[in-house]
**Q** 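Take this structure, written in structure tokens, and hold onto it; I'll ask about it next.
Chain letters run A, B, ... following the sequence lines, proteins first and then strands; every chain starts at 1. For the numbers below, each heavy atom of this structure counts, side chains included, while hydrogens, waters and symmetry mates do not.
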Amino acid sequence: GQNIDQPTEMTATEGAIVQINCTYQTSGFNGLFWYQQHAGEAPTFLSYNVLDGLEEKGRFSSFLSRSKGYSYLLLKELQMKDSASYLCAVFDSGYSTLTFGKGTMLLVSP
Amino acid sequence: EPEVTQTPSHQVTQMGQEVILRCVPISNHLYFYWYRQILGQKVEFLVSFYNNEISEKSEIFDDQFSVERPDGSNFTLKIRSTKLEDSAMYFCASCNRDSIYEQYFGPGTRLTVT
């Protein structure tokens, strides 16, 4: 079966750093994605990891450990506009589909 | 920058009615997807479509659902007889062969079944 876990909510202060964790158990694995979703809007692609290690993209970094079934998204220099839901999703090669977690709602306060 | 578009943005329908949700994927993309998101819940995969046929479908995608690519640009999702529990946001996504893992999502259609 498919199981993706991430915290429901997190809060952080403008300018700070926040790490959002994701653990997964899937029948197949061909990459892990992070998407950002503002309320009432579509998910937008942030990052993709298929090999172990850290991928950096501006203020956002994502880490993957396949042996541990674990990933995190690191957001630096937080801005108010970063308040959104962050979705962890696994690309399951067995099914060629994206399986999403429930998302982590991040609230950035001044 | 090219983007996926969807129409309508909001559809209200009565239970038992048929609805067709429309999507125009990015023009050079070959893989198309429908997802739904019930309010407050996670994004759920419905169906993937490639080379004019369904590649994968989830348990949610039962006989009430169908997809079609009627021409070179549109990709539609039909729900034959809507139920209250079909109320959700429906997202279309597409990607191309070179970046098959990077799906671009449309803005969604909010379907309300009354």
**Q** Look at atom CG of B/Leu84 and say whether more than 12 heavy atoms of other residues, nucleotides or ligands are closer to it than 6.0 Å.
**A** yes
**Q** Excluding sequence neighbours, so at least two apart, what forms side-chain hydrogen bond (donor to acceptor under 3.5 Å, both in side chains) with A/Tyr35?
**A** none
**Q** How about B/Asp63: does its CG atom have over 12 heavy atoms from other parts shown lying under 6.0 Å from it?
**A** no
**Q** In this structure, are over 12 heavy atoms from other groups packed under 6.0 Å from B/Glu85 atom CD?
**A** yes
**Q** For B/Gln37, is it the side chain, the backbone, both, or neither that has a heavy atom closer than 4.5 Å to a heavy atom of chain A?
**A** side chain
**Q** Can you name the nearest heavy-atom pair linking A/Phe91 to B/Gln103, along with the distance?
**A** CE1-NE2, 4.3 Å
**Q** Would B/Tyr104 and B/Phe49 show up in the same hydrophobic cluster when neighbours are defined by side-chain heavy atoms closer than 4.5 Å?
**A** no
**Q** Should A/Val18 and A/Tyr70 be counted in the same cluster of Ile, Leu, Val, Met, Phe, Trp and Tyr side chains packed under 4.5 Å apart?
**A** no
**Q** Between chain B and each of A/Ala39, A/Ala89, A/Gly31, A/Gly101, count heavy-atom pairs under 4.5 Å; write down the option with the most.
**A** A/Gly101
**Q** Going hydrophobic residue to hydrophobic residue with side-chain gaps under 4.5 angstrom, can you get from A/Leu75 over to A/Tyr72?
**A** no
**Q** Would you indicate whether A/Glu77, at its atom CD, is surrounded by more than 12 heavy atoms from other residues, nucleotides or ligands within a distance under 6.0 Å?
**A** no
**Q** At what distance, to the nearest 0.5 angstrom, does CD of B/Glu44 lie from CG of A/Leu98?
**A** 13.5 Å
**Q** Is any side-chain heavy atom of A/Phe100 less than 4.5 Å from a side-chain heavy atom of B/Tyr35?
**A** yes
**Q** Enumerate by number any residue of residues 41-67 of chain A whose heavy atoms lie under 4.5 Å from heavy atoms of chain B; in the absence of such residues, state 'none'.
**A** A/Glu41, A/Ala42, A/Pro43, A/Phe45, A/Tyr48
